[in-house]
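Worksheet: the structure to be examined is printed underneath.
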Amino acid sequence: MTISRSPISVFVLFFLSAVLRHHLSLGAPITCSGIVPLKHRTAMLSISDFGAVGDGKTLNTNAFNAAIDRIRNSNSSNGTLLYVPRGVYLTQSFNLTSHMTLYLADGAVIKALQDTEKWPLSDPLPSYGRGRERPGRRYISFIHGDGLNDVVITGRNGTIDGQGEPWWNMYRSGTLKFTRPGLIEFKDSTNIVISHVVLQNSPFWTVHPVYCSGVVVHHVTILAPTDSYNTDGIDPDSSSNVCIEDSYMSTGDDLVAVKSGWDEYGIAYNRSSRDITIRRITGSSRFAGIAIGSETSGGIQNITVENITLYNSGIGIHIKTNTGRGGSIRGITISGVYMENVRTGIKISGDTGDHPDDKFNLTALPVVSGITIKNVWGIKVERAGMIQGLEDSPFTNLCFSNVTLTGTKSPPTWKCSDVVGAAHKVNPTPCPELTATTQQGGSCENQS
C-alpha cells in the first residue's frame, strides 16, 4: 500500500476532511480545547539573547538550558514566553519548566542532535516496569517535562524535528541498547497545551503525556516515514481530561493510541486513562488510525472519538488488549469516521501486544464492554471487521450502528469470536454474534 505525502495530496486530504466535518458538525465546530485555560504571558525572552545561533550547525543546548533556568528562577506571576525566531537550532535534549510557553516563529526549527551516544537516560515508567522496547532504563525524550504545571508549546507552525533516522536504523539492526526517546513527553504534569507546531521524525512515540491531567493538543501536524516503526502520533497514557483535536498526522505507527500501563506493572500502578476526546483528526498510517491499547492494564474509560478521516491505513479503528493485561476498557464511543483504502475497517482484539517479561499473570484477563461504533463510512476496505474476544472473558455490550464498508471488487467480510453485541444498519451484514438489535443497556438502534 503506497502512501503519498506530497503537498498536493495533503491539501486534498484536508479539503475532503473539511467537507466531511462540515456535514457532520452542521455548524460551528465543538471544541474541548478550553479545558486548559491559557494565560497571557507578561514576560518574554528570546533564545537569541542566550547566544543561540540558528544556522543548523551550532549546538544550542546551553542556550536552551540557560533560558529555561532563567524562567524557572523568575518571579513572573503569569509565566514567561521563550521565543525561538526563524532559523534552525540544533540542540541536545532539554527539560522544560512550569509556567512557560515555548513559542516557535514561522520558519523556526528546533532540531535534535543525531548523536545517540550522548543521549541521557531516564528511569523506566513504573506502570511499564522497564523500557518499552528494551529491558532497563530508557532514553529521555527530546523535549521533556516532569512534575510541571502550565506549559505551552505553540507558535506560527514552527517545527520540532527529532531527526529519528539513526534511532530507526538501530532498531532495525537490533543494536538498540535502550528504548528509543520520544519527541515530547510530559510526566506527572497538569495544564499542558501543544498547538500550531509541526512535529516530525520522532525517534519513537511523538507526543506522550503520561500520568497527566488537563492536556490539550490541537492544530498540530505530525509526520514520520511510513517505515519508522513505533513512531505513534499522540499517546495519552494513564492520563485524564485530554483533548486532541484538529490535527493532521502521517506516521509509521498508530496516529492516536490511548494507553494505561503494561501487564503486572500497569495493574500494580493502577492509573487509568479516562475522559479523553479525540476529534477532527485526518491522516494515514500503515497501522491504526485510532487505537485503544494494547497497553491497557490500568483501565481505559470514557473515551469519545468523532469526525475522523483516514486514508491508506492498515486498520481504521483498533481496540486491542491481551491476556495478562487485566484492566477494563469501557465507555468507548466512536462516531463519524470516514476511511478509504484501508485493509481492516474495525478491529477489536484480545490477542494483541507483547509482554514485558514472563511474570505476567495468565489469569489477569481484560474486560471489554460498552463499546459503541456508529456512523462509519468506508470505501476500498479489504476486510470489514475482526472482533475477537477471549474465551474466558468475552467482549460484551458491543454496538455497531449505521456502518457501511465497501470493498474494491467484492464486499468485505467480518470475522468474530467470543463477543456479544448488537448491530443496526450495518453493511455488509456482520457475523451472527453481532446481529441482535437489542442488548444490555438498551437498543443499538438508538445509537445512530
Inset, instruction - Decide, yes or no, whether a salt bridge links Asp354 with Arg132 under the criterion of side-chain N to carboxylate O below 4.0 Å. - result: yes
Inset, instruction - Grab the two heavy atoms, one from Arg383 and one from Thr413, that are nearest each other, plus how far apart they are. - result: CG-O, 3.4 Å
Legend entry - Spacing of Trp414 atom CH2 and Leu405 atom CG [to the nearest 0.5 Å]: 6.0 Å
Inset, instruction - Decide if the gap between the ring center of Trp167 and the ring center of Tyr139 is smaller than 6.0 angstrom. - result: yes
Inset, instruction - State which residue, out of Asp246, Thr31, Thr309, fulfils the side chain to side chain donor-acceptor pair (under 3.5 Å) condition with Arg280. - result: Asp246
Inset, instruction - Could you tell me whether a side-chain N or O of Arg180 sits under 3.5 Å from a main-chain N or O of Tyr171, the two making a donor and an acceptor? - result: no
Inset, instruction - Work out which heavy atom in Ile300 is nearest to a heavy atom in Val258; give both atom names and the distance. - result: CD1-O, 3.4 Å
Legend entry - Atom of Gly155, atom of Val197 and distance for their closest heavy-atom approach: N-CG1, 4.3 Å
Inset, instruction - Could you tell me whether a side-chain N or O of Ser297 sits under 3.5 Å from a main-chain N or O of Asp263, the two making a donor and an acceptor? - result: yes
Inset, instruction - Please determine which of Thr282, Ile281, Ile194, Leu255 meets the side chain to side chain contact (heavy atoms under 4.5 Å, CB included) test together with Ser247. - result: Ile281
Inset, instruction - Verify, without hydrogens or angle tests, whether Arg325 (side chain) and Ser328 (backbone) share a donor-acceptor contact under 3.5 angstrom. - result: no
Inset, instruction - Mark yes or no for whether Ser238, through its side chain, and Ser272, through its backbone, hold a donor-acceptor pair below 3.5 Å. - result: no
Inset, instruction - Work out which heavy atom in Leu96 is nearest to a heavy atom in Phe94; give both atom names and the distance. - result: CD2-CE1, 3.8 Å
Inset, instruction - Check the pair Thr396 / Ser369 against side-chain hydrogen bond (donor to acceptor under 3.5 Å, both in side chains), numbers first and verdict last. - result: CA-CA 5 Å; Thr396 62; Ser369 183; 3.1 Å; yes
Legend entry - Any side-chain heavy-atom pair of Leu102 and Val84 under 4.5 Å: yes
Legend entry - Aromatic ring pairing Phe142/Trp119, orientation class (parallel under 30°, perpendicular over 60°, tilted between): tilted
Inset, instruction - Report yes or no: do Thr154 and Ser195 form a side-chain donor-acceptor pair below 3.5 Å? - result: yes
Inset, instruction - Measure the shortest side-chain to side-chain distance between Ile110 and Phe64 over non-hydrogen atoms and say whether it is less than 4.5 angstrom. - result: yes
Inset, instruction - Could you give me the CA-CA distance, side-chain angles and deciding distance for His99 and Thr97, then say whether side-chain contact (heavy atoms from CB on, under 4.5 Å) is met? - result: CA-CA 7 Å; His99 310 298; Thr97 190; over 6 Å; no
Inset, instruction - Locate the shortest heavy-atom distance separating Leu82 from Ser46; write the atom from each residue and the value. - result: CD1-C, 4.2 Å
Inset, instruction - Can you run down the ring-ring contact (aromatic ring centres under 6.0 Å, His included) pairs that involve residues 269-294, sequence neighbours left out, and say none if there aren't any? - result: Tyr211-Tyr269, Tyr229-Phe287
Inset, instruction - For Arg156, look at atom CZ and say whether over 12 heavy atoms of other residues, nucleotides or ligands are found less than 6.0 Å away. - result: no
Inset, instruction - Report yes if the side chains of Arg86 and Asp106 come closer than 4.5 Å at any heavy-atom pair, otherwise no. - result: yes
Inset, instruction - Apply side-chain contact (heavy atoms from CB on, under 4.5 Å) to the pair Ile234 and Met249, showing each step before the final yes or no. - result: CA-CA 9 Å; Ile234 304 171; Met249 308 180 202; 3.4 Å; yes
Inset, instruction - Ignoring hydrogens and angles, tell me if any N or O in the side chain of Thr406 forms a donor-acceptor pair with the backbone of Gly378 under 3.5 Å. - result: yes
Legend entry - Sidechain-backbone polar pair: Ser285 side chain, Ser313 backbone, donor-acceptor under 3.5 Å: no
Inset, instruction - Ignoring hydrogens and angles, tell me if any N or O in the side chain of Arg138 forms a donor-acceptor pair with the backbone of Asp123 under 3.5 Å. - result: yes
Inset, instruction - Taking Ser393 for its side chain and Pro366 for its backbone only, find out whether a donor-acceptor pair lies under 3.5 Å. - result: yes
Inset, instruction - Say whether, by atom type as modelled, one donor and one acceptor occur between the side chain of Ser202 and the main chain of Leu183 under 3.5 angstrom. - result: yes
Legend entry - Residue pair Tyr128 / Tyr265: nearest heavy atoms and the distance that separates them: O-CD1, 3.3 Å
Legend entry - Side-chain (Gln163) to main-chain (Ala112) donor-acceptor, under 3.5 angstrom: yes
Legend entry - Interatomic spacing from OG1 in Thr91 to CD1 in Ile160 - rounded to 0.5 Å: 11.5 Å
Legend entry - CD1 on Ile290 to CD1 on Ile244, rounded to 0.5 Å: 8.0 Å
Legend entry - Side chain proximity check, Asn230 to Trp205, heavy atoms < 4.5 angstrom: yes
Inset, instruction - Using the test salt bridge (Lys or Arg N to Asp or Glu O under 4.0 Å), find all partners of Arg41 that sit at least two apart in sequence or belong to another chain. - result: Asp150
Legend entry - Student check: side-chain heavy atoms of His355 and Asn322 closer than 4.5 Å: yes
Inset, instruction - Apply side-chain contact (heavy atoms from CB on, under 4.5 Å) to Ile387 and Phe400, showing your working. - result: CA-CA 11 Å; Ile387 318 298; Phe400 297 84; 4.0 Å; yes
Inset, instruction - Could you check if a side-chain atom of Ile47 sits within less than 4.5 angstrom of a side-chain atom of Pro85, using non-hydrogen atoms only? - result: yes
Inset, instruction - Report yes if the side chains of Tyr248 and Leu223 come closer than 4.5 Å at any heavy-atom pair, otherwise no. - result: yes
Inset, instruction - Quick one: do Ser127 and Arg271 satisfy side-chain contact (heavy atoms from CB on, under 4.5 Å)? Show the steps, please. - result: CA-CA 8 Å; Ser127 59; Arg271 181 161 177 174; over 6 Å; no
Legend entry - Thr296 and Thr321: side chain donor to acceptor below 3.5 Å: yes
Inset, instruction - Can you measure from NE2 (His318) to NZ (Lys347) and round to the nearest 0.5 angstrom? - result: 4.5 Å
Inset, instruction - Decide whether Glu245 and His218 meet the rule of one side-chain donor and one side-chain acceptor closer than 3.5 Å. - result: no
Inset, instruction - Scan side-chain atoms only and decide if Thr231 and Thr251 contain a donor-acceptor pair under the 3.5 Å cut-off. - result: no
Legend entry - Charged N-O contact under 4.0 Å between Asp254 and Lys320: yes
Inset, instruction - Using only heavy-atom distances, determine whether the side chains of Asn149 and Thr190 contain a donor-acceptor pair under 3.5 Å. - result: yes
Inset, instruction - Could you tell me the separation between the NZ atom of Lys259 and the CD1 atom of Ile292, rounded to the nearest 0.5 Å? - result: 10.0 Å
Inset, instruction - Flag the pair Val215 / Phe186 as yes when at least one side-chain heavy-atom distance between them is below 4.5 Å, and no otherwise. - result: no
Legend entry - Pairwise distance NZ(Lys380) to CD(Glu340) - rounded to 0.5 angstrom: 5.0 Å
